Amino acid sequence: MAEVTLFHNPNCSTSRFALGETEAAPVEVEVVPYLKQPLGRDELLALIEWLEDPPADLVRKDGFFKDQGLDAADYTTPEAVADLLVEHPRLMQRPVLVRGDRAIIGRPKDRVAAFLA
């Protein structure tokens with residue numbers, strides 16, 4: 001079992017940076033391409049429980065979010081965030097790193113090294 005799990009999007013420069021940091025760290029890493037292997041609702045709820053950030057931070061409020069007519073105020077609870085990300089995995093913020101029962105969003109980039117230390 002890997003020491004760190006990285007939920008990764010290879011098209012994201014910040015996610016690629018986090019991948020490089022994990023590869024340079026003395027830890028065993030499992031890389032999960034979450035767009036190809038989306039998380040289920042229960043997995044998302046567990047991830048949100050471990051997240052050191054507010055649940056709403058796990059949702060990307062990008063152009064796609066706006067194009068869907070979504071309102072950020074509707075996605076602040078763990079349940080609402082999980083339901084949204086099951087329906088639209090591409091809205092999951094990236095990268096997300098998990099170690100034990102702790103998880104962070106790897107933004108800004110300097111959070112990654114501190115989390116891996």
Side-chain angles (χ1 to χ4, degrees):
M1 184 174 191
E3 188 177 349
V4 173
T5 302
L6 170 66
F7 293 97
H8 176 59
N9 179 344
N11 296 321
C12 171
S13 63
T14 304
S15 194
R16 289 192 306 268
F17 172 84
L19 178 61
E21 290 289 298
T22 60
E23 290 171 345
V27 296
E28 184 179 334
V29 179
E30 176 186 7
V31 178
V32 177
Y34 68 91
L35 293 176
K36 292 181 180 179
Q37 301 170 2
L39 283 75
R41 187 175 194 272
D42 290 342
E43 293 168 306
L44 285 162
L45 288 170
L47 178 63
I48 292 166
E49 183 176 319
W50 299 329
L51 197 62
E52 294 179 2
D53 306 287
D57 288 359
L58 194 57
V59 178
R60 292 179 57 83
K61 281 79 168 186
D62 59 6
F64 180 78
F65 182 89
K66 293 176 180 124
D67 289 346
Q68 301 304 303
L70 302 173
D71 181 350
D74 294 334
Y75 302 100
T76 58
T77 67
E79 295 78 13
V81 168
D83 290 341
L84 176 66
L85 296 179
V86 164
E87 185 175 349
H88 300 290
R90 69 184 281 179
L91 288 176
M92 188 166 101
Q93 189 60 269
R94 73 246 179 183
V96 176
L97 295 98
V98 179
R99 186 177 210 172
D101 61 357
R102 293 180 51 226
I104 64 160
I105 298 167
R107 292 176 182 271
K109 292 178 180 180
D110 62 353
R111 294 184 78 194
V112 175
F115 186 74
L116 295 173

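Residue indices begin at 1 and follow the sequence shown. For clarity, every value in this text was computed on a predicted model and none was experimentally measured.
A continuous path of hydrophobic side-chain contacts links L84 to Y34 [ILVMFWY only; heavy atoms under 4.5 Å]. Note: the hydrophobic cluster containing L97 does not contain L35 (ILVMFWY, side chain heavy atoms under 4.5 Å, direct or indirect links). Both L70 and M92 are members of a single hydrophobic cluster when ILVMFWY side chains are connected at heavy-atom separations under 4.5 Å. Put simply, V32 and F115 are part of two different groups of oily side chains (I, L, V, M, F, W, Y) that touch within less than 4.5 Å, one to the next. In the hydrophobic clustering of this structure, V98 groups with V81; members are Ile, Leu, Val, Met, Phe, Trp, Tyr whose side-chain heavy atoms approach within less than 4.5 Å, directly or through other members.
Minimum interatomic distance between E21 and A113 (heavy atoms only, all atoms of both residues): OE1-CB, 3.6 Å. Across every non-hydrogen atom of K61 and A56, the tightest pair is NZ-O, 2.5 Å. Among all heavy-atom pairs drawn from G40 and E43, the shortest one is N-OE1, 2.6 Å. Closest non-hydrogen pair, T14 versus G106, comes out as CG2-O, 3.5 Å. In plain terms, the two heavy atoms of F7 and S15 that are nearest each other are O-OG, 4.2 Å.
Remark: L45 CG to D83 CG distance equals 7.5 Å, nearest 0.5 Å. From E52, atom CD reaches atom CG of D57 across 12.0 Å, with rounding to the nearest 0.5 Å.
For CG of D67, the number of neighbouring non-hydrogen atoms (other residues, nucleotides, ligands) closer than 6.0 Å is greater than 12. The environment of E49 atom CD is sparse: at most 12 non-hydrogen atoms of other residues, nucleotides or ligands sit within 6.0 angstrom.
With R94 contributing its side chain and H8 its backbone, the two residues share no donor-acceptor pair below 3.5 Å. Between the side chain of R99 and the main chain of L116, a donor-acceptor pair closer than 3.5 Å is present.
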Set out, in order, the CA-CA distance, both residues' side-chain angles and the distance that settles side chain to side chain contact (heavy atoms under 4.5 Å, CB included) for Y75 and L91, then state yes or no. CA-CA 12 Å; Y75 302 100; L91 288 176; over 6 Å; no

Worked verdict on V96 versus W50 for side chain to side chain contact (heavy atoms under 4.5 Å, CB included): CA-CA 11 Å; V96 176; W50 299 329; over 6 Å; no

Between L47 and L58, is a side chain to side chain contact (heavy atoms under 4.5 Å, CB included) present by the stated rule, with each step listed? CA-CA 10 Å; L47 178 63; L58 194 57; 4.3 Å; yes

For D53 and R111, what are the C-alpha separation, side-chain angles and deciding distance, and is it a side chain to side chain contact (heavy atoms under 4.5 Å, CB included)? CA-CA 12 Å; D53 306 287; R111 294 184 78 194; 2.9 Å; yes

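F64 carries R90 over the face of its six-membered ring, with the cationic atom under 6.0 Å from the centre and within 45° of the normal.
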